[in-house]
Amino acid sequence: MPKKTLIIGAGGVGNVVAFKCAMNAKTFGDITLASRTVSKCNAIAKNVLEKTGVSLATMRVDADSVAELVEVIEQVQANIVINVALPYQDLTIMDACTQCGVDYLDTANYEHPDTAKFEYKEQWARDAQFKEANIMGLLGSGFDPGVTNVFCAYAQKHYFDEIHTIDILDCNAGDHGYPFATNFNPEINLREVSAKGRYWENGDWIETEPMAIKQVWDYPEVGAKDSYLLYHEEMESLVKHIKGLKRIRFFMTFGESYLTHMKCLENVGMLGIKEVEHKGMKIVPMEFLATLLPDPASLGPRTKGKTNIGIFAKGMKDGVEKTIYIYQVSDHEKCYQEVMSQGVSYTTGVPAMIGAKLMLEGKWQGKGVFNMEEFDPDPFMEELMVQGLPWKVMELGADESREVK
Ligand code: NDP
């Protein structure tokens, strides 16, 4: 019996997942793409059919409604649900999967629409219900979180007895030609970037003002870029699972134009997430801004340049200090040529497909709710090499770094 795969969400990432599942149709079997706006699913299905010859079914679903989700999952008779809608839908989709007894995967942790805060608490709290339903939930199977967690697990397995410090370094050097646009959902992106920074050291979380810590990092194949410390969700699980860790931080690159626009929008209140009254109507400034900004899915054909995301880890092996850098470089234009999406959607969608593939093939198995670094990294790393995200390991001298002083 062929497997049945249900993908929820037809944005930039949903497009890549649909393409990549179709390219691995032997594993994914009958594929259905469901989302709030069915016309977007149909447009993706048309492109997938033209480029790969694989036919996808499409459906409408409001993923805020557990009842609607249950109906769709039952109708599809899904073996797995790949959630690439928005983080706001994580809990409803997880609850629907529990009711139907179906495995679950997502790429971003739950956020409440009214609070700009993300954490794993509510998803981890569903571990018992997943175990009881005899199903598996894989959380954060995108690039970061996702591949970055797997890179850490790989470093721990093959290079270190103990990792002491990890810096996750995320560079998008793509240029879409607009003065200001976000590479994935604007609301989620701007909420993440305008929040306070936070990193973990010796057991404590240390909070910083937004963008207060900067370093210039020399990214292989890209060059030196200003990189700012942000809080990022994979750190919450990595501090639990990486042995001997003393410090973990996350840095992301931003250009000057992006930061100036963001500061200005913030100063005038356009990043607000509370309703305001406008001419007798209630509007949420951030939602209105998202309406004005270019649709991230439309950036694909115009984005040029590369992404480079990796981890820089220091620790001990056989009593000797060791430093490694594991990274992956993608080219926006090549991504677009392959699946009609730019690099940020591509680098998220491919790992989502790989996580689901390993689950369907039984290579990553378990009952309950898991983060990526809890599984053997090797099969995932092998898939990255052949599914479009080849990576490299650079071994450095113990005191070497790529920070430009
Ligand atoms: P988009 O905004 O492009 O797409 C989101 C899709 O979800 C849209 O098709 C949207 O429908 C659909 N959707 C939203 N609400 C509902 C709902 N209630 N019911 C059904 N469908 C709904 O986002 P992206 O594709 O850029 O991002 C998708 C996910 O990937 C997000 O969770 C994001 O945080 C995550 N991500 C993870 C990364 C990682 O590395 N881990 C990096 C980048 C993104 P409609 O078309 O009607 O608006």
**Request:** Dump the intermediate steps for side-chain contact (heavy atoms from CB on, under 4.5 Å) on Arg247 and Trp200, then the final yes or no.
**Result:** CA-CA 5 Å; Arg247 190 188 71 197; Trp200 184 90; 5.6 Å; no

**Phe380/Phe375 under ring pair (Phe, Tyr, Trp, His ring centres under 6.0 Å): CA gap, chis, key distance, verdict** = CA-CA 9 Å; Phe380 200 99; Phe375 292 98; over 10 Å; no

So [Y] and [X], do their side chains get closer than 4.5 Å, heavy atoms only?
X: Thr32; Y: Thr58; result: no
X: Thr5; Y: Leu360; result: yes
X: Asn83; Y: Asp90; result: yes
X: Met381; Y: Leu384; result: yes
X: Val393; Y: Tyr325; result: no
X: Ile163; Y: Met316; result: no
X: Ile213; Y: Phe251; result: yes
X: Ile188; Y: Pro87; result: yes

**Message:** How long is the straight-line distance from NE2 of His164 back to OG1 of Thr323, given to the nearest 0.5 Å?
**Reply:** 11.5 Å

**Fill in**
Value for CG (Leu190) from NE2 (His261), rounded to nearest 0.5 Å, stands at 12.0 Å

Would you call [X] and [Y] a salt bridge, using N to O less than 4.0 angstrom?
X: Lys314; Y: Glu321; answer: no
X: Glu68; Y: Arg60; answer: yes
X: Lys246; Y: Glu201; answer: no
X: Lys392; Y: Glu221; answer: yes
X: Lys46; Y: Glu50; answer: yes
X: Lys157; Y: Asp378; answer: yes
X: Lys121; Y: Glu236; answer: no

Any donor and acceptor pair, going by atom type alone, linking the side chain of [X] with main-chain N or O of [Y] inside 3.5 Å?
X: Ser227; Y: Met252; answer: no
X: Ser345; Y: Ser341; answer: no
X: Arg302; Y: His176; answer: yes

**Request:** Could you tell me whether Phe250 and Tyr199 have their ring centroids closer than 6.0 angstrom?
**Result:** no

**Request:** Would you please indicate if the ring centroids of Tyr258 and Phe180 are separated by under 6.0 Å?
**Result:** yes

Looking at every heavy atom in both [X] and [Y], which two are closest together, and how far apart are they?
X: Ala63; Y: Leu69; result: O-CD1, 3.4 Å
X: Pro285; Y: Gly272; result: CD-O, 3.6 Å
X: Val17; Y: Ala352; result: CG2-CB, 3.9 Å
X: Ile82; Y: Ala356; result: CD1-CB, 3.6 Å

Please work out which of the three classes, parallel, tilted or perpendicular, describes the rings of [Y] and [X], given edges at 30° and 60°.
X: Tyr159; Y: Tyr154; answer: tilted
X: Tyr219; Y: Trp217; answer: perpendicular
X: Tyr120; Y: Trp124; answer: parallel

Do [X] and [Y] get their side chains close enough for a donor-acceptor pair, meaning under 3.5 Å?
X: Glu234; Y: Thr148; result: yes
X: Glu338; Y: Tyr346; result: yes
X: Tyr104; Y: Asp106; result: yes
X: Asn149; Y: Asn371; result: no
X: Asp30; Y: Gln77; result: no
X: Asp64; Y: Gln89; result: yes

**Item:** Stepwise side-chain contact (heavy atoms from CB on, under 4.5 Å) test for Ile8 and Val81
**Value:** CA-CA 7 Å; Ile8 301 179; Val81 174; 3.7 Å; yes

**Message:** Looking at Lys225, I want to see if its NZ is surrounded by more than 12 non-hydrogen atoms of other residues, nucleotides or ligands under 6.0 Å.
**Reply:** no

**Message:** Other residues, nucleotides and ligands only: do more than 12 of their heavy atoms fall within 6.0 Å of CD on Glu132?
**Reply:** no

**Item:** Worked verdict on Leu265 versus Leu289 for side-chain contact (heavy atoms from CB on, under 4.5 Å)
**Value:** CA-CA 9 Å; Leu265 291 166; Leu289 175 63; 4.0 Å; yes

**Request:** Scan Val147, Val16, Thr307 and name whichever one has a side-chain contact (heavy atoms from CB on, under 4.5 Å) with Thr347.
**Result:** Thr307

**Asked** Do Arg126 and Glu122 pass the salt bridge (charged side-chain N to carboxylate O under 4.0 Å, His left out) test, and can you show the C-alpha distance, the side-chain angles, and the key distance before you say yes or no?
**Response** CA-CA 7 Å; Arg126 280 163 169 74; Glu122 289 178 79; 5.1 Å; no

What donor-acceptor contacts under 3.5 angstrom involve side-chain atoms of residues 166-175, with partners at least two apart or in another chain?
| residue | atom | partner | partner atom | Å |
| --- | --- | --- | --- | --- |
| Asp167 | OD1 | Arg249 | NE | 2.9 |
| Asp167 | OD2 | Arg249 | NH2 | 2.8 |
| Asn172 | OD1 | Gly174 | N | 2.9 |
| Asn172 | OD1 | His332 | NE2 | 2.8 |
| Asp175 | OD1 | Gly177 | N | 2.9 |

**Request:** Report the C-alpha separation of His241 and Gln156 in whole Å, then their side-chain angles, then the decisive distance to 0.1 Å, and conclude whether the side-chain contact (heavy atoms from CB on, under 4.5 Å) test is met.
**Result:** CA-CA 10 Å; His241 298 127; Gln156 178 163 277; over 6 Å; no

